[in-house]
Amino acid sequence: MIPCAPTPSQMPPMPQAPQLRPTPQAPQVPPMPPTPQLMQTPPMPQISQFPLILCGCDLVEISRLEKPRARLLDRLFDQEELDLCGGRPSSLAAFYAAKEAFAKALGCGLLAAKGLGFKDIGIRKTSQGAPYYIWGDRVNQLLPQLSFPQSAGHTHLSAESRYPSSVADAHLPTEPACSLDVAHSHLPTEPRYFLSSASLSLSHEAGLAMAFAVLRLEPLPAGEAARGG
């Protein structure tokens with residue numbers, strides 16, 4: 001016999017199609033944080049806003065002051081300086097060199113008519129005998145008239161007949177963040193400073209007196225500088 005085809009009711013049920021898994025959503029990328037604003041580099045301050053350190057040196061033959069005239073001594077020294085020297089040529093020569101070193105640090109001459117007078121700069125001694133400077137108002141009045149070199153230093157000569165010497169003076173800003181290149185381009189041509197301190201070292205030996213001066217100039221406050229100090 002030929003088998004009969006099964007009726008639909010006799011057919012096994014069709015297997016259900018497997019449920020497709022939903023496609024997972026891509027993770028949401030957090031928004032990018034805003035770009036931080038770059039800090040602006042503050043402008044390099046002018047060197048004139050910082051103190052300057054000035055150095056000067058001078059040599060004097062002691063024999064030049066072995067028999068000085070009273071008129072010369074009166075022009076060079078005040079009475080207290082003469083008392084400290086006690087007529088000793090070595091001390092007189094050292095005090096003279098100290099005044100010259102002070103003026104050379106400032107880059108001016110010791111001519112009362114055009115610059116500083118010898119009595120505008122005084123020499124005193126502590127109770128331990130260490131020398132130090134005193135100065136009058138003329139020093140700070142003269143500073144606005146001085147022109148400092150457009151470099152970190154300059155050279156002056158101290159010429160004695162037998163002992164010529166050359167000393168490089170430093171005119172340096174004391175702010176450590178400033179390179180010498182910056183110092184070269186920003187040293188003021190018309191500084192507005194006042195002299196805040198001065199150090200002195202004296203020595204005499206082998207017929208010579210030597211003085212070394214270190215001066216510190218502080219900038220004037222803006223208001224005073226604008227009024228001309």
Donor-acceptor check, side chain of Ser196 to backbone of Arg216, threshold 3.5 angstrom: yes or no? yes

For the residue pair Pro68 and Leu65, what are the closest heavy atoms and their distance? CD-O, 3.3 Å

Are Leu92 and Leu73 close enough, and set up right, to give a side-chain contact (heavy atoms from CB on, under 4.5 Å), and what steps lead you there? CA-CA 9 Å; Leu92 292 171; Leu73 293 180; 4.2 Å; yes

Side-chain heavy atoms under 4.5 angstrom apart, residues restricted to Ile, Leu, Val, Met, Phe, Trp, Tyr: same cluster for Tyr132 and Ile121? no

Are any side-chain N or O atoms of Asp74 and backbone N or O atoms of Arg71, one a donor and one an acceptor, separated by less than 3.5 Å? no

Should the pair Phe77 and Phe95 be assigned to parallel (<30°), tilted (30 to 60°) or perpendicular (>60°) ring geometry? perpendicular

Treating Ile, Leu, Val, Met, Phe, Trp and Tyr as nodes and any side-chain heavy-atom pair under 4.5 angstrom as an edge, say whether Leu59 and Ile62 lie in one connected cluster. no

Starting from the C-alpha separation in whole Å, work towards a yes-or-no answer on side-chain contact (heavy atoms from CB on, under 4.5 Å) for Leu217 and Leu143. CA-CA 9 Å; Leu217 301 187; Leu143 288 180; 4.0 Å; yes

Any heavy-atom pair between the side chains of Met210 and His204 that's under 4.5 Å? no

Check Lys125 with Asp83, please: is the shortest side-chain N to carboxylate O separation under 4.0 Å? no

Heavy atoms of Cys57 and Lys104 approach each other most closely as O-CD, 3.6 Å

Taking the side chain as everything from C-beta on, heavy atoms only, tell me whether Phe212 gets closer than 4.5 Å to Leu200. no

Would you call Trp135 and Asp120 a side-chain contact if the rule is heavy atoms closer than 4.5 Å? no

Shortest non-hydrogen contact between Tyr133 and Ala101, atoms and distance: OH-CB, 4.3 Å

Basic-acidic side-chain contact under 4.0 Å: Arg64, Glu66: no

Ala209 versus Ala94, closest heavy-atom pair with distance: CB-N, 3.5 Å

Side-chain contact, heavy-atom cut-off 4.5 Å: Leu215 with Phe102? yes

Can you confirm whether Glu61 sits close enough to Leu208 that some side-chain heavy atom of one is under 4.5 Å from a side-chain heavy atom of the other? yes

For Glu81 and Asp78, indicate whether the former's side chain and the latter's backbone hold a donor-acceptor pair under 3.5 Å. yes

For residues Leu106 and Val139, determine if any side-chain heavy atom of one lies less than 4.5 Å from a side-chain heavy atom of the other. yes

Is a donor on one side and an acceptor on the other found under 3.5 Å between the side chain of Lys99 and the backbone of Phe118? yes

So which heavy atom on Leu202 is nearest to which on Ala211, and how close? CD2-CB, 3.5 Å

Scan Leu195, Leu116, Asp137 and name whichever one has a side chain to side chain contact (heavy atoms under 4.5 Å, CB included) with Leu142. Leu116

Leu82 side chain reached by Leu84 side chain, heavy atoms, under 4.5 Å: no

